[in-house]
Amino acid sequence: MTALLLCDVQLGLGGPRVDVAVTDGRVSAIGPGLPREGELVDGRGGTVLPGLVDVHVHMTQWASSRRRIPLAHAKSAADVVDTIARESAAKPGELVMGHGFRDSAWPDMPHKDLLERALPGQPIALFSNDLHTLWLSPAALRMIGREHPTGVLLENDCMAATAELPAATDEWVLEATDAAAARGVTEIVDYEYSDTVSVWLRRLALRQLGVRVSAVISRPLLDTAIERGHRTGDAIPGTDGMLKVGPYKLFVDGSLNTRTAYCHDPYPGQETHGLLELPFDELVPLMDKASRHGISPAVHAIGDHANTIALDAFAKVGCTGRIEHAQLVHPDDFSRFAKLGVIAGVQPAHQPDDRDVADQHWAGRTENAFPYGALLAAGATLEIGSDAPVAPLDPWDGIASAVSRTDDGRPAWHPEQAIALDIALAAASRGRRGIKVGDVADLTVTEVDPATLAPHDLRQIPIVLTMTGGRLTHRLSR
């Protein structure tokens with residue numbers, strides 16, 4: 001007996017009109033005029049696609065950022081301070097949080113004293129757009145028991161301090177999963193720097209999730225994961241497949257905006273090549289230990305030298321896994337992704353955001369920046385994420401950026417690195433290129449065929465419904 005029948009949908013880009021039957025959480029039949037039995041769900045003539053997967057999210061921080069003061073517009077530290085002073089409605093002693101500043105081209109420098117002068121005694125925590133810089137007021141430093149000469153924490157100090165700040169409530173996070181489902185997302189991979197499995201088990205005890213979750217293992221928790229018997233890809237018992245063990249996250253370098261991405265060549269006008277956080281000799285044993293216990297490494301590498309080191313480590317260990325970001329890749333390394341079986345987890349929405357910074361700090365090398373076309377031509381597998389809250393948790397933003405290489409009125413930036421829509425959709429759905437009988441019923445239905453839209457219109461495409469394991473997680477009300 002059919003449990004659910006999705007009626008009147010177009011099967012994929014430019015496909016035929018069909019009905020899709022779902023039984024026991026899987027697609028059980030596809031075709032026109034299927035028997036009207038079970039729960040009938042009107043697809044409104046939309047286009048049914050594989051459910052979208054955001055393969056790189058910081059979910060607690062994303063849930064918080066939805067309630068933080070936006071700072072992306074700021075052109076200086078002074079702009080940020082003015083915005084915080086104007087927008088903050090917090091009571092004395094309440095933590096004020098902001099998100100999204102990019103200070104790489106500012107004429108002035110962020111400093112805790114600027115915040116103190118604007119809002120004396122107020123705890124203030126401001127996150128850079130790439131999450132690699134945290135700007136704290138003196139009161140916020142005291143809140144987490146720290147001292148710092150400037151209040152501007154980078155990289156490891158930033159990550160550790162972020163974990164000590166008050167986090168989003170579970171209800172905020174659950175609401176964020178519902179919002180993700182409303183954009184066609186059926187699964188996320190959560191890269192929070194915490195015991196993500198335990199945190200998500202707590203949330204699942206409250207109510208059903210809007211999306212499936214793969215919970216990443218942070219570097220300090222490798223031994224804990226091994227003791228628990230966790231292996232990447234395994235479902236956590238008792239969660240009906242909604243919670244799985246993710247990969248093991250390691251950082252080789254920093255980020256472009258903080259000039260800590262580790263590069264073969266120095267940054268223009270500077271002696272630094274960036275920051276090497278985890279040298280090859282330290283990276284290899286960690287990856288080896290994880291892989292021997294069935295835990296797949298996910299290695300953060302943004303600069304081209306960091307990517308070379310990460311690929312060298314995969315070759316040495318002999319395991320497969322992921323490189324997250326791969327924003328600048330040396331041409332000699334393009335083919336190594338496919339040869340070594342390393343997935344490139346990329347965030348195309350970062351490219352339009354960072355094009356000006358890349359032109360400044362990676363001058364003369366930008367033909368190899370965000371090199372999706374070159375990676376694909378070399379046989380690499382791409383998977384698309386957002387890195388939310390660095391970019392919104394909305395795969396359509398990343399898909400549009402991958403296809404168009406711009407998000408404003410300017411011409412495409414290095415259009416030779418653009419990829420086709422069907423390839424971008426597959427990269428945003430863990431490689432699924434269509435829907436067939438037997439598939440898990442993780443599906444999304446768009447109101448119109450994405451292939452009929454201009455790339456910039458993809459960002460606003462309406463989602464008729466989203467289905468996870470045959471359960472409706474979103475339905476358009478109008």
Are [X] and [Y] side-chain neighbours, meaning at least one heavy-atom pair lies under 4.5 Å?
X: P297; Y: F314; result: yes
X: I30; Y: L11; result: yes
X: M242; Y: V213; result: no
X: Y248; Y: V216; result: no
X: V440; Y: R212; result: yes
X: L206; Y: L174; result: yes
X: V342; Y: T320; result: no
X: V299; Y: R322; result: no

Verdict with supporting geometry, R405 and E416, salt bridge (charged side-chain N to carboxylate O under 4.0 Å, His left out): CA-CA 9 Å; R405 302 286 291 190; E416 72 278 6; over 6 Å; no
Which heavy-atom pair separates [X] from [Y] by the least distance, and what is that distance?
X: V464; Y: G43; result: CG1-O, 3.9 Å
X: P35; Y: L5; result: O-CD2, 3.4 Å
X: A349; Y: D397; result: CB-OD2, 3.7 Å
X: H99; Y: P389; result: NE2-O, 2.9 Å
X: I124; Y: A140; result: O-CB, 3.3 Å
X: A301; Y: A310; result: CB-CB, 4.3 Å

Side-chain donor/acceptor of [X] to backbone N/O of [Y], under 3.5 Å:
X: T468; Y: D442; answer: no
X: D190; Y: M59; answer: yes
X: S104; Y: T258; answer: no
X: Q417; Y: A374; answer: yes
X: T260; Y: S255; answer: yes
X: S28; Y: A21; answer: yes
X: T366; Y: A369; answer: no
X: E192; Y: T60; answer: yes
X: S64; Y: Q61; answer: no
X: D170; Y: R203; answer: no

Nearest 0.5 Å please: distance from the [atom1] atom of [X] over to the [atom2] atom of [Y].
X: T162; Y: Y193; atom1: OG1; atom2: OH; answer: 11.0 Å
X: H325; Y: D253; atom1: NE2; atom2: CG; answer: 8.5 Å
X: L443; Y: R432; atom1: CG; atom2: CZ; answer: 6.5 Å
X: L243; Y: D234; atom1: CG; atom2: CG; answer: 11.5 Å
X: F127; Y: I69; atom1: CZ; atom2: CD1; answer: 12.5 Å
X: T133; Y: F101; atom1: OG1; atom2: CZ; answer: 5.5 Å

Name all residues meeting the side chain to side chain contact (heavy atoms under 4.5 Å, CB included) criterion together with [X]; count only those two or more places apart in sequence or in a different chain, and write none if there are none.
X: P70; value: none
X: S404; value: T406, P455, R459
X: L376; value: L382, I419, I423
X: E277; value: E155, N156, F251, L275

For [Y], is there an ion pair with [X] - N to carboxylate O distance below 4.0 angstrom?
X: R228; Y: D195; value: yes
X: D223; Y: K289; value: yes
X: K249; Y: E324; value: no
X: D356; Y: R410; value: yes
X: D178; Y: R207; value: yes

Out of the candidates [options], only one should pair with [X] under the side chain to side chain contact (heavy atoms under 4.5 Å, CB included) rule; please name it.
X: L465; options: D42, L472, V9, T444; value: L472
X: E447; options: L476, T47, I461; value: L476
X: P247; options: I217, V55, V189; value: V189

Selection residues 12-36 - residue pairs positive for salt bridge (Lys or Arg N to Asp or Glu O under 4.0 Å), sequence neighbours left out: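 As it turns out, the salt bridge (Lys or Arg N to Asp or Glu O under 4.0 Å) pairs with a partner in residues 12-36, which skip direct neighbours, are D19-R36.
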Donor-acceptor pair between D354 and N257 side chains, under 3.5 angstrom: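 Yes, N257 and D354 have a side-chain donor paired with an acceptor closer than 3.5 Å.
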Test side-chain hydrogen bond (donor to acceptor under 3.5 Å, both in side chains) applied to Q122 and S137, step by step: CA-CA 7 Å; Q122 190 78 43; S137 68; over 6 Å; no
Criterion side-chain hydrogen bond (donor to acceptor under 3.5 Å, both in side chains) on H350 and S401, from CA distance to verdict: CA-CA 8 Å; H350 295 359; S401 296; over 6 Å; no
Parallel, tilted or perpendicular: rings of F370 and W362 (30°, 60°):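 Correct class here is tilted.
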With H58 via ring pair (Phe, Tyr, Trp, His ring centres under 6.0 Å) - residues at least two apart: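 H58: ring pair (Phe, Tyr, Trp, His ring centres under 6.0 Å) contacts with H56.
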Check against side chain to side chain contact (heavy atoms under 4.5 Å, CB included), V80 and W135: CA-CA 11 Å; V80 168; W135 178 9; 3.5 Å; yes
Trace of the salt bridge (charged side-chain N to carboxylate O under 4.0 Å, His left out) decision for R67 with E175: CA-CA 12 Å; R67 291 168 167 79; E175 289 173 5; 2.8 Å; yes
Intermediate values then yes/no, salt bridge (charged side-chain N to carboxylate O under 4.0 Å, His left out), D130 and R102: CA-CA 8 Å; D130 60 14; R102 295 182 176 90; over 6 Å; no
